[in-house]
Amino acid sequence: MPELPEVETVRKGLENLVEKAVIQEVEIFWERIITGSRVGESFKKALVGEQLQQIRRRGKFLLLDFDRYTLISHLRMEGKYEVVPTDEPLKLHTHVVFHLKDGRDIRYLDVRKFGRMELVLRGQEETVAGIQRLGPEPFADVFLLEPFQAKLSRIKKAVKPALLDQNLVTGLGNIYVDEALFQAGIHPLRPGNSLTPNEAAVLHQSIIEVLGKAIQAGGTTIRTYLNALGESGNFQQDLKVYGQTGEPCVRCGNPIQKTKVAQRGTHFCAHCQKLTEENVLPVM
DNA sequence: ACGGCTGTTAGTCA
DNA sequence: ATGACTAACAGCCG
């Protein structure tokens, strides 16, 4: 599922459904989903009797705060949660089940089994490697232009993979990075240090806008089926380049192209996003 | 029918 | 530092 807007949608949905719920029992059907020092029996035992206090999000990570522990959950490509009555049959690809005292389950499903969860003591979430590396949240109050420009000016690699690695700013994935680069009129292969200060500023603003609008829309739902938490998004209607291969560019009418950049499918308009500098377009 | 794709990240190697 | 490649997996599409 997840880039930041989808994870945020899951966070809100889960919190509304199960805030203050108490765990009665935990079942694990695919052990490798759980990482860190508390796995298997020790993972289950720690969680029994714990009450869920709140759910936070950092980048694409969900942080479920219990009394003594925080469950850090990353959905990777296809992880999903559902909340259903305990007597409901398990769906295929259900890997972890948290039985609640109120007769419901929180269930974790993940077709490709790429998702990971780790249980740490409250307050220890910053010790998890994936979280330590994260840059600022993509919001105007914490994602500041000048540090972004400064870091970008020292990056020689292409701007698309630079934005995907979560250090400059957290939350972009393959969909929203293509959308933000399109909105900014910047070619995905431009080296980070080739962007002018003005281009960096337009890109910075585009990232904030694209992710902000996607959060408002409840995220993007593509190719995944109904009913799992957080799949009620409708930002797919607002995608300008992702999945629009061959369709006319909304800005100039030329067909959207698809290539590969850093091993990822990459959508862009060859007319609006040139490989040469200073092709900046006004923010839409 | 199979090879290449897929909203991710971490690791290795040159 | 960076890019290429792999691994973790399963399903879908042409």
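A note on names: the letters A, B, ... follow the listed sequences, proteins ahead of strands, and every chain is numbered from 1.
- Under a 3.5 Å cut-off, the side chain of A:Gln132 and the backbone N or O of A:Glu126 do form a donor-acceptor pair.
- Counting to the nearest Å, the C1' atom of B:dT9 and the CG atom of A:Leu172 are 15 Å from each other.
- Atoms CD (A:Gln166) and C1' (B:dT9) sit 9 Å apart, rounded to a whole Å.
- Closest approach to the A:Lys157 side chain among C:dT2, B:dT9, B:dT6 is made by C:dT2 (side chain taken as heavy atoms from C-beta onward).
- As judged by a 4.0 angstrom heavy-atom cut-off over every strand, A:Gly115 is placed among residues making no nucleic acid contact.
- Counted by atom type alone, A:Asp178 and A:His267 present one or more donor-acceptor pairs between their side chains at under 3.5 Å.
- Rounded to a whole angstrom, the distance from the P atom of B:dT6 to that of C:dC5 is 16 Å.
- In this structure, CZ of A:Arg58 is placed 13 Å from P of B:dT9, rounded to the nearest angstrom.
- Residue contacts shown for A:Ala158 are limited to sugar-phosphate atoms, with no base heavy atom under 4.0 Å away.
- Base pairing annotation: B:dC2 forms a Watson-Crick or G-U wobble pair with C:dG14, both donor-acceptor distances under 3.5 Å.
- Nucleotides C:dA8 and B:dA1 are separated by 26 Å at their P atoms, to the nearest Å.
- Across the P atoms, B:dT8 and C:dA1 are found 24 Å apart, a figure rounded to whole Å.
- Computed from coordinates, the A:Leu189 CG to C:dG3 C1' distance equals 12 Å when rounded to whole Å.
- The A:Arg133 side chain lies nearest to B:dA10 when the options are C:dT2, B:dC5, B:dA10.
- In this structure the side chain of A:Leu163 reaches within 4.5 angstrom of the side chain of A:Leu203, judged on heavy atoms.
- Between A:Asp178 atom CG and B:dT8 atom P the separation is 11 Å, expressed in whole Å.
- The distance from atom CG of A:Leu164 to atom P of C:dG3 is 12 Å, rounded to the nearest whole Å.
- Ion pairing between A:Lys12 and A:Glu15 fails under the 4.0 Å rule for side-chain N and carboxylate O.
- Summary of the strand contacts: A:Pro5 and A:Ala129 both lie near DNA chain B, and taking for each the nucleotide with the nearest heavy atom, the more 5' one is attributed to A:Pro5.
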Sugar-phosphate or base contact per nucleotide [nucleotides 8-14 of chain C; S, B, -; heavy atom under 4.0 Å]
BBBS---
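- Rounded to a whole Å, the NZ atom of A:Lys260 is 10 Å from the P atom of C:dC5.
- The separation of B:dC5 from C:dA4, taken at their P atoms, amounts to 15 Å, rounded to a whole angstrom.
- Taking the P atoms as reference points, C:dG11 lies 23 Å from B:dT9, given to the whole Å.
- The CG atom of A:Asp165 sits 16 Å away from the C1' atom of C:dA4 (whole-angstrom rounding).
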